Each structure stands twice: as C-alpha cells, then as structure tokens.
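Some notes on the structure that comes next.
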Amino acid sequence: MEPPAKRRRKACVIFCVIVVLVVITVVVVLALSLGHNSGGMKSAFFDRCEAFKGYDCQKVWDAFQQAYVGKDPCNVPMEAYDPLIAAGTFKPPCNRMMFWSKTKHVVHDFTAKRDCFFTLEDTLLGSVLDGLTWCGKEGSSETFTTDCPGWTECENNPVRSFWNRASAAFADVACGVVTAMLNGSIDTPFSPTSIFASIEVMHFNATRVRNLNVVLVTQEKPVANCTNASLKNLQKVLAEGIQYNCTEVAHSQIEECSNNPEKPCGACW
Ligand SMILES: *[C@@H]1O[C@H](CO)[C@@H](O)[C@H](O)[C@H]1NC(C)=O
Ligand SMILES: *[C@@H]1O[C@H](CO)[C@@H](O)[C@H](O)[C@H]1NC(C)=O
Ligand SMILES: *[C@@H]1O[C@H](CO)[C@@H](O)[C@H](O)[C@H]1NC(C)=O
Ligand SMILES: *[C@@H]1O[C@H](CO)[C@@H](O)[C@H](O)[C@H]1NC(C)=O
Ligand SMILES: *[C@H]1O[C@@H](CO)[C@H](O)[C@@H](O)[C@@H]1NC(C)=O
C-alpha cells in the first residue's frame, strides 16, 4: 500500500498532465480554425511557382509577402505589388495574348486544350495566385486565408489590388494582334466596371498593339451582338492607331475548335 500523501500526489500529476493536454489541443484547434493557414498558401504558391522555369520562387514569395503582410487589409494599393510584378516579368508572346471578361471558363478551357493563346492566368504570377485569397493584419507577420475583405468590401484589398496591378502589367506589354473574348449572353459585354474596361484597355499602347480583335461568344440565345453600344464605347477609348474588329462566334464553335487539335489556331473564328 502506498501512503495516502504519495497517492494524492500521483493523482495530482496525472490530473495536471490531462489538463495540459486539453489546453494544448484547444489552442491548436483554435489556431487552425482562426485561419492561421499560411502553410497551405505557401505550399500552393511554391508548387505552382516551381512549374515555371527561370524564376527564383523564394524571391517571388518574398516580393509577394512584402505587399500585404502586417498591413491593414483595406489599405493595400496596387503599387504595393510593384516589386512582385518586377520579380515575375515574362517575355510577352506577341499575337497570342488573350484578354477576357465574363468568359473565364470558356477561355481557360480553350487555352488549356489548345496552345494557341496566352492569358494572364498563364503567366507565373497569374497562375500562382489564381483562385487564392490572402491578406495580412496590422501588427502580425502572418498570411491569412480566411476572414479577408471581399472583392467589393473595400477597394484597396490585397486580392483586388493584385489583379488590378497584374492586369495593368499584362496589358502594358501586349503586342501585335491582341484578342479579347467577351460575353454575348449578357446585356453589356464591355462593362465599365470590368478589369478589362477599367484597366486593360487603357494600358494598350499603340506603339506595340496593332489590332484588337474582339471575339464575342454567343450561346443559344444571343443577347448582345457586335453592334452593341458598349462596344462602340470600347472603340472610343482605345488608343488611336489600334485597329479594332469584332466577330460573333458561337460557343459551340469554340468548343469544337478546343477539341480539334489539328485545326490551326487562327481558324477558330
Ligand atoms: C456569359 O455570361 C453568362 C451569365 O453570367 C454565363 O452563364 C455564360 O456562361 C457566359 N458565357 C461564356 C461564354 O462564358
Ligand atoms: C507607349 O510606349 C512608348 C514606348 O515604350 C512610350 O514612349 C509612350 O509613352 C507610351 N505611350 C503611352 C500613352 O503610354
Ligand atoms: C444586333 O442587335 C440589335 C439589338 O440589340 C438588333 O436590332 C440587330 O438586328 C442585331 N444585329 C444582328 C446582325 O443580329
Ligand atoms: C478580324 O481580325 C481577325 C484576326 O486578325 C481576322 O482573321 C479577321 O478577318 C478580321 N475581321 C475583319 C472583319 O477584319
Ligand atoms: C449594349 O450597350 C449598352 C450600353 O453600353 C446598353 O445599356 C445595353 O442595353 C446594350 N445591350 C443590348 C442587348 O442592346
């Protein structure tokens, strides 16, 4: 028989160990549920980055983080991403650059199957950050992936400012014949609030861009066609010297072309 004092001490030690384990578990679960999830973000970033040749992914990650870490997530302007844009420069493929508005799915289905066109999401930075959400917090060195401001919650949020800055950079270097896939199933294919209208078109430079070819994708019931007034506005704001043309193309024709690798790239519309 152990003396009662020793037994009490033993019971107390076991109790303390259990309490400590419970506390640790609660802290870990809370930390995870509060979105301290930058490990997942970082590994996704590096996995996607390493698929590209010729970039120092650690340098790109550092340039990315300096844009928003430790900052109020409603006060990250476009310019915060200048160093990231500089770290992610690429050689623009003239005559193959593709812009889009409200046609993301169709465009990327097409570019994934056919190596004809090159979108922002095919560049290193666009590819690495496509579909991700991130923000920082004042006084914190962490990257958060939940509870970040939404696209329209405040203008200068980290995700929106990145896409605005990256879109401007992509349009700045556009060259030769540029294609834009717009949506003919909506009332206003060239919407003033879109990134294409508010940023990209403004950055086309006539010393580099010769032609803007709009491909207006129509579905069973076309809503707008190439005569739509919003497309007249597009021609008005386009830099002088850039030739414009617009072609209505059925969605089914684009799908057929996506699935027909023998067809030359230029022959899809
Ligand atoms: C055009 O927009 C409509 C409505 O948002 C959408 O259902 C359709 O898939 C879009 N068309 C294309 C070609 O992306
Ligand atoms: C267009 O590009 C040229 C050459 O890089 C530059 O000198 C000019 O300022 C640019 N034009 C505009 C409107 O940005
Ligand atoms: C284009 O749309 C307008 C109405 O928005 C219509 O009056 C016109 O007939 C259409 N043109 C063609 C070629 O379908
Ligand atoms: C528009 O541009 C495309 C691509 O350069 C060309 O194939 C098409 O013939 C042009 N359409 C018109 C009406 O000029
Ligand atoms: C396309 O143009 C805009 C003006 O920018 C009009 O508001 C739309 O009504 C028009 N769409 C159609 C289908 O006519």
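Each ligand, and each atom within it, is numbered from 1 in the order the structure gives. The first residue in the sequence is number 1, and the count goes up from there. Small disclaimer: the values here were computed from a predicted structure and weren't measured.
Judged by distance alone, with hydrogens and angles left aside, the side-chain atoms of E256 form no donor-acceptor pair with the main-chain N or O of Q253 at under 3.5 Å. Side chain of S161 to backbone of P158: no donor-acceptor contact under 3.5 angstrom is found.
Contacts between Q219 and ligand 1 below 4.0 angstrom, taking non-hydrogen atoms only, involve the side chain exclusively.
With ligand atoms numbered from 1 in the order given, ligand 1 contributes 13 (C) to contacts under 4.0 Å with heavy atoms of V217. The V106 neighbourhood of ligand 1 comprises atoms 12 (C), 13 (C), 14 (O), with distances under 4.0 Å to a heavy atom of that residue. Numbered from 1 in the order shown, with element, the atoms of ligand 1 that lie under 4.0 Å from a heavy atom of T103 read 14 (O).
Taking a cutoff of 4.0 Å between a charged side-chain nitrogen and a carboxylate oxygen, R96 and D122 do not qualify as a salt bridge.
Looking at ligand 1, you'll find an N or O of N183 within less than 3.5 Å of one of its N or O atoms. The distance criterion of under 3.5 Å between nitrogen or oxygen atoms is not met by T188 with respect to ligand 5.
Classification of the F99-F196 ring pair by plane angle, with boundaries at 30° and 60°, yields tilted. Taking the six-membered ring for Trp and thresholds of 30 and 60 degrees, F52 and Y55 have ring planes more than 60 degrees apart, a perpendicular arrangement. Using the six-membered ring where Trp is involved, W269 and F110 have ring planes that are tilted, between 30° and 60° apart. Between F90 and F118, the ring planes are tilted. Angles from 30° to 60° get that label.
Nearest protein heavy-atom neighbour of atom 11 (N) of ligand 5: N228 ND2, 2.6 Å.
H108 and T119 share a donor-acceptor pair across their side chains, judged by distance under 3.5 Å alone. Donor-acceptor pairing under 3.5 Å is recorded for the side chains of T143 and Y68.
Within the 4.0 Å heavy-atom cutoff, K102 counts among the residues contacting ligand 1. Using a non-hydrogen distance threshold of 4.0 Å, M181 does not register as a contact of ligand 1.
Listed by chain and residue number, the protein contacts of ligand 3 are N225, T227 (heavy atom within 4.0 angstrom).
For the cysteines C154 and C74, the sulfur (SG) atoms lie within a distance shorter than 2.5 angstrom of each other.
Nearest to atom 8 (C) of ligand 5 by heavy-atom distance, out of L231, V223, T227, D187, is D187.
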